[in-house]
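Values below: every heavy atom of this structure, side chains too, minus hydrogens, waters and symmetry copies. Counting starts at 1 for both ligands and their atoms, following the listed order.
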Amino acid sequence: MAVVVVGSLITDIISYVERLPQPGETIRGKSLFIGCGGKGANQCVAAAKLGAECTMIGKLGPVNDPLSRIHIEALTKNGVQRRLFHSSQDQTGSAIIMVDKDAANAMTSVLGANADLKPDEIDSVAESIQGADVLVAALGIPLKSTIVALKKGRKHGSWYLKIIFNAAPAASNLPSEVYQLSSVFCVNESEAEMLTGEKVDSIESADRSAQILQERGCKVVLITLGSRGAYLKDEANNGILIAAPPVKAVDTTGAGDSFIGALAYYMAYYPKLPLQTMVERSCQVAAFSVQKPGTQISFPTKEELPEELF
Ligand code: ATP
């Protein structure tokens, strides 16, 4: 299996409203959308839509929980292999989101079964991890389970497979082994700031932040910068800003997941490409995703993208 993702699955229940309600107030929504999200599921589907053979490792609520079924359907539709666990007591992770006419939102997110993904369960699917070319791991599941996954990707102290670690949702500190086990450590601006204390608002500050992260032990650092693109600091300590193509964005939700899914795809299928080219192409893929509403449904398929990206 080329790409294995260990991470969260969240069912998004989104209502579109004229304005966000005040505490205690009930307002009428215009429409309701139920979709699949969670960083792990999004990154996996993003890579699969580009044509990667993918496996998703994560935890849902009970098998017959309707919120769990829609993930299974979405993963199946996108050709993703599943190594999913089911919790008998926790429901599938969910987010209740209200989006107003100006695209401002209010959200409650319940981790549910994601928070119950046990290190032993990751251990039981170690073969899937070790059979991959690229492992993508993020937060949103217990950190100790993430660490087991990262360790499974390593063999006898050498890089067994390439590991993209996405420190999202934001965390204020991480144990040193997480940095040391990552081949590519990927964060957005606010996640970088939370980990390093360095406000990322310029190329210089992105470089300082990346430097701090590298000093903690990761080889390559990538800081995504929204419409400005991504800052790459490579193994030789060279930093470069890779500009995002100028596009008219309609919905940037999940742009980071589209970017990481694409990077995993390129690392697995085009391992000889320079990393900078992989990042440039991942920026192009993510730029496509922001031009459509939604998350997983906005991720482009190979057929929708220009030939020169392949
Ligand atoms: P999310 O949490 O919504 O998934 P994120 O904050 O993790 O997003 P961003 O840094 O916003 O990630 O975006 C990831 C990548 O997507 C950027 O590096 C860039 O390549 C692309 N991107 C994001 N916004 C735009 C935009 N407005 N125009 C073009 N490309 C964009």
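- In summary, the aromatic rings of Y179 and F185 are positioned with their centroids under 6.0 Å apart.
- Of all the heavy atoms in M278 and L273, the pair that sits closest is CE-O, 3.3 Å.
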Report every pair formed by an N or O atom of ligand 1 and a protein N or O atom separated by less than 3.5 Å, giving atom names and the distance to 0.1 Å.
unit_1: ligand 1; atom_1: 3 (O); unit_2: T252; atom_2: O; d: 3.2
unit_1: ligand 1; atom_1: 3 (O); unit_2: G254; atom_2: N; d: 3.1
unit_1: ligand 1; atom_1: 4 (O); unit_2: G254; atom_2: N; d: 3.4
unit_1: ligand 1; atom_1: 4 (O); unit_2: A255; atom_2: N; d: 3.4
unit_1: ligand 1; atom_1: 4 (O); unit_2: G256; atom_2: N; d: 3.0
unit_1: ligand 1; atom_1: 6 (O); unit_2: N188; atom_2: ND2; d: 2.9
unit_1: ligand 1; atom_1: 8 (O); unit_2: G256; atom_2: N; d: 3.3
unit_1: ligand 1; atom_1: 10 (O); unit_2: T224; atom_2: OG1; d: 2.8
unit_1: ligand 1; atom_1: 10 (O); unit_2: G226; atom_2: N; d: 2.9
unit_1: ligand 1; atom_1: 18 (O); unit_2: G229; atom_2: O; d: 2.8

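- Here the shortest heavy-atom pairing between S227 and A244 reads O-CB, 3.4 Å.
- When only modelled atom types and interatomic distance are considered, T76 and R82 share a side-chain donor-acceptor pair under 3.5 Å.
- Atoms CG and CG, on L263 and L50 in that order, are 11.0 Å from each other to the nearest 0.5 Å.
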side-chain hydrogen bond (donor to acceptor under 3.5 Å, both in side chains) assessment of E280 paired with Q284: CA-CA 6 Å; E280 283 162 3; Q284 303 261 359; over 6 Å; no
